[in-house]
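Have a look at the structure below, then the notes.
Quick note on labels: first sequence line is chain A, next is B, and so on, each numbered from 1.
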Number of protein chains: 2
Amino acid sequence: MITMSQNSVGYVRPVMLDFKEPLVLSSGQVVENYQLAVETYGILNAQASNAVLICHALNASHHVAGINPDTQEIGWWDNMVGPGKPLDTNKFFVIGINNLGSCFGSTGPASINVKTGKPWGSDFPVMAVEDWVNAQLRVADYFGIKRFAAVMGGSLGGMQALSWAIQYPDRLGHCIVIASTPGLSAQNIAFNEVARRAIITDPEFHQGHYYDYQTVPKRGLSVARMIGHITYLSDDDMAEKFGRDRRNKAENGQYQYGYDIEFEVESYLRYQGEKFSKYFDANTYLSITKALDYFDPARQYGNGNLHQALAGVQAKFLTVSFTTDWRFPPERSRELVKALLKNKRDVIYAEIDAPHGHDAFLLDDPTYHRVVRAYFERIATQLTQGV
Amino acid sequence: MITMSQNSVGYVRPVMLDFKEPLVLSSGQVVENYQLAVETYGILNAQASNAVLICHALNASHHVAGINPDTQEIGWWDNMVGPGKPLDTNKFFVIGINNLGSCFGSTGPASINVKTGKPWGSDFPVMAVEDWVNAQLRVADYFGIKRFAAVMGGSLGGMQALSWAIQYPDRLGHCIVIASTPGLSAQNIAFNEVARRAIITDPEFHQGHYYDYQTVPKRGLSVARMIGHITYLSDDDMAEKFGRDRRNKAENGQYQYGYDIEFEVESYLRYQGEKFSKYFDANTYLSITKALDYFDPARQYGNGNLHQALAGVQAKFLTVSFTTDWRFPPERSRELVKALLKNKRDVIYAEIDAPHGHDAFLLDDPTYHRVVRAYFERIATQLTQGV
């Protein structure tokens with residue numbers, strides 16, 4: 001039994017929203033109709049001006065805060081969102097949406113394709129960040145939200161927030177981009193590609209139609225997750241957490257000279273890989289890594305120039321990076337900040353000295369949370385003053 | 001046809017040396033007899049005082065320099081070793097040995113186990129760095145070399161050089177440790193573990209007895225190599241080499257929205273993975289990554305204290321690191337240098353500002369080569385003066 005913290009949003013179940021209007025994707029393919037899993041916390045005010053959209057990263061979902069009474073799972077950003085928390089649900093109406101193509105209730109590769117009566121599998125279209133934003137726009141319309149007080153996300157979620165500011169400049173007041181990047185580096189793409197190879201070359205993958213064979217490419221998915229996990233943690237953090245600590249020692253304290261788990265870090269990674277491979281859909285993993293690779297607003301909107309791509313942005317920005325994040329290091333956030341400043345946009349940039357690598361954006365570093373809290377307090381004040 | 005450089009050691013074929021005396025390993029297991037593939041360049045002087053042993057890293061071999069006339073392959077450190085090169089074969093007698101357990105001619109997992117008449121497979125004992133040094137010692141004895149002028153290696157080869165200085169302090173004058181570390185970090189072990197999981201969970205692995213099934217765990221080995229390769233290059237180097245350059249574009253210049261090769265970096269990595277999986281033995285890969293994980297002279301000889309472990313060292317040291325090497329970064333070399341200085345050993349330490357990450361030790365950065373050249377010139381002078 002999970003104990004609920006004093007300032008939790010409480011028990012919460014997702015609602016499923018059905019959208020019947022076809023959605024044209026970046027690839028040119030069309031999703032005729034789809035379902036999105038959505039959670040909300042707090043109360044939307046009469047002017048619908050206090051809404052905040054939270055965009056999620058690779059393996060997260062609509063379940064941002066609170067506890068799901070059926071699964072007892074705590075929301076992935078529960079330390080950030082709740083009454084009295086940095087994003088205060090006493091003041092804001094917060095929306096979490098499971099992205100189209102994901103595997104936590106929204107339509108995705110594991111859903112039934114009505115045309116075939118079978119799961120989509122790898123026939124499900126590859127999504128781009130822009131496509132998710134377009135799908136999220138319909139949720140905004142559903143709630144009658146003409147303009148979000150803020151759109152906020154970390155990592156891949158930050159890319160969606162940034163894309164909102166470019167695609168729909170008048171639909172958000174503030175854009176909060178955390179531990180993110182305006183485009184993957186060659187090394188980032190390389191890690192994604194290795195993860196994809198691990199999945200695609202798993203014989204249980206069956207060209208993405210593993211559902212038809214009542215199987216799952218668990219081995220590949222597990223290896224993919226292990227690779228990802230290394231990039232989420234800092235070298236120092238791993239040294240601190242695991243060092244060269246050993247889990248199983250031979251009787252004489254010596255090494256085992258075999259391939260069973262020997263070091264703590266091996267045990268941790270294997271566990272993470274296996275756990276992930278039991279709940280996450282391999283086709284979703286593939287598709288989301290492609291969306292990451294493809295994200296490149298400079299190319300998409302600025303002829304290769306980020307400054308130009310951001311020319312139409314109206315939102316004010318909060319950009320946060322973490323010193324030990326080597327997946328999306330501070331210099332990538334600074335690129336974004338510079339391009340915004342060149343456009344004379346309002347930007348607050350916080351580079352947080354935190355030891356936990358990329359994962360820091362999910363943790364409750366006090367300085368980090370203080371920055372986000374102060375930023376939302378300012379937004380709340382502006383809202384009450386009708387700014 | 002390969003063109004031979006003017007200062008090449010020329011065409012060279014390995015010799016196979018047979019050792020009949022059983023070798024007791026760190027694991028307690030015994031290799032009853034074994035063969036080592038060896039190449040030599042230059043001429044051993046009458047006092048046998050000008051010998052330099054080159055120790056190799058994960059995927060290299062005895063074929064250090066020159067061209068093998070059968071395969072047309074150039075030695076892996078041909079830019080370093082040859083007449084007039086930094087390690088000058090006009091002055092030194094250089095020995096390359098394929099490590100025991102490797103797959104280029106020396107006895108290893110793919111060799112026939114005389115007890116079963118079948119390949120050893122995963123029954124071949126896991127080696128430690130110390131075991132390789134013990135096997136190399138017999139090659140020294142075979143050539144009548146009482147004391148190497150120097151033992152030299154990069155990466156895992158540097159660990160062997162360091163271990164020589166600890167295990168047999170009176171058998172070498174100089175120890176040259178390049179792009180190496182006195183012990184793997186948790187992150188290093190983590191990458192090795194993911195690579196091993198990719199191989200071991202490949203259904204073609206057959207518990208390491210894939211030879212019996214006329215197959216090879218190519219998919220796993222390929223993924224393992226791709227992971228390794230990312231850690232050999234620097235982030236900047238990858239950005240410079242590949243950036244976000246695309247290989248295959250859809251007709252309209254758009255993305256493909258599929259899983260074929262799209263970015264140059266994907267093409268490069270897949271090629272490297274596939275090439276490797278065709279020539280390298282998976283069991284050897286597994287075993288060598290364990291030797292890397294296990295290497296920990298502080299634990300082995302100093303109750304966890306590197307300074308104490310090095311107390312008996314007599315060799316003079318040259319230690320080289322590269323600024324952009326994030327696999328074994330400069331700070332790990334500095335640990336070694338500090339522990340040596342605390343023992344009042346002679347150490348020269350060069351931290352080379354080079355963009356090519358860990359792989360820099362194989363390349364011919366002018367500053368790097370100048371440092372090594374100057375160091376060997378000093379050794380040569382000492383030899384002629386009978387120091």
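Residue B:Ile227 touches chain A through both its backbone and its side chain, counting heavy-atom pairs closer than 4.5 Å. Of the two parts of B:Ser222, neither the backbone nor the side chain holds a non-hydrogen atom closer than 4.5 Å to a non-hydrogen atom of chain A. Neither the backbone nor the side chain of A:Glu240 comes within less than 4.5 Å of any heavy atom of chain B. For B:Arg225, no part lies under 4.5 angstrom from a heavy atom of chain A. Contacts between A:Val126 and chain B at a heavy-atom distance below 4.5 Å involve backbone atoms as well as side-chain atoms. Proximity to chain B (any heavy atom under 4.5 Å) is shown, for A:Leu25, by neither the backbone nor the side chain. Contact annotation for A:Leu286: both backbone and side-chain heavy atoms come within less than 4.5 Å of a heavy atom of chain B. With a threshold of 4.5 angstrom between heavy atoms, B:Glu264 does not approach chain A through any atom at all. In this structure, chain B has a heavy atom under 4.5 Å from the backbone of A:Ala239, while its side chain stays farther away. Both the backbone and the side chain of B:Val223 have a heavy atom closer than 4.5 Å to some heavy atom of chain A. For B:Arg196, the part sitting under 4.5 Å from any heavy atom of chain A is the side chain, from C-beta outward, and nothing else. Heavy atoms of A:Asp293 lying under 4.5 Å from chain B belong to its backbone as well as its side chain. Only the side chain of A:Phe263 comes within contact range of chain B, judged by heavy atoms closer than 4.5 Å. Of the two parts of B:Phe191, the backbone and the side chain both hold a non-hydrogen atom closer than 4.5 Å to a non-hydrogen atom of chain A. Of the atoms belonging to A:Thr289, not a single heavy atom falls under 4.5 Å from chain B. With a threshold of 4.5 angstrom between heavy atoms, B:Ser122 does not approach chain A through any atom at all.
With no hydrogens or angles considered, no side-chain donor-acceptor pair links B:Glu130 and B:Ser26 at under 3.5 Å. For the residue pair A:Glu262/B:Tyr294, the side-chain donor-acceptor check at 3.5 Å is satisfied. The closest side-chain donor-acceptor pair between B:Asp281 and B:Tyr210 falls under 3.5 angstrom.
Checked for salt-bridge contact, A:Glu266 and A:Arg247 miss the test: no charged N lies under 4.0 Å from a carboxylate O. Comment: B:Arg332 engages B:Glu335 in a salt bridge, judged by a side-chain N to carboxylate O separation of less than 4.0 angstrom.
If you take CD1 on A:Ile199 and OH on B:Tyr259, they are separated by 9.0 Å, rounding to the nearest 0.5 Å. Taking CD of B:Glu193 as the reference point, atom CD1 of B:Ile200 lies at 7.5 Å (rounded to 0.5 Å).
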Open item on the list: Run B:His358 and B:Ser155 through side chain to side chain donor-acceptor pair (under 3.5 Å) and show every step you take.
Closed with: CA-CA 8 Å; B:His358 187 61; B:Ser155 193; 2.8 Å; yes
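Between A:Tyr271 and A:Ile261 the shortest side-chain heavy-atom distance does not fall below 4.5 Å.
Between chain B and the options A:Gln300, A:Lys241, A:Met226, A:Arg299, the largest number of non-hydrogen pairs under 4.5 Å is found for A:Arg299.
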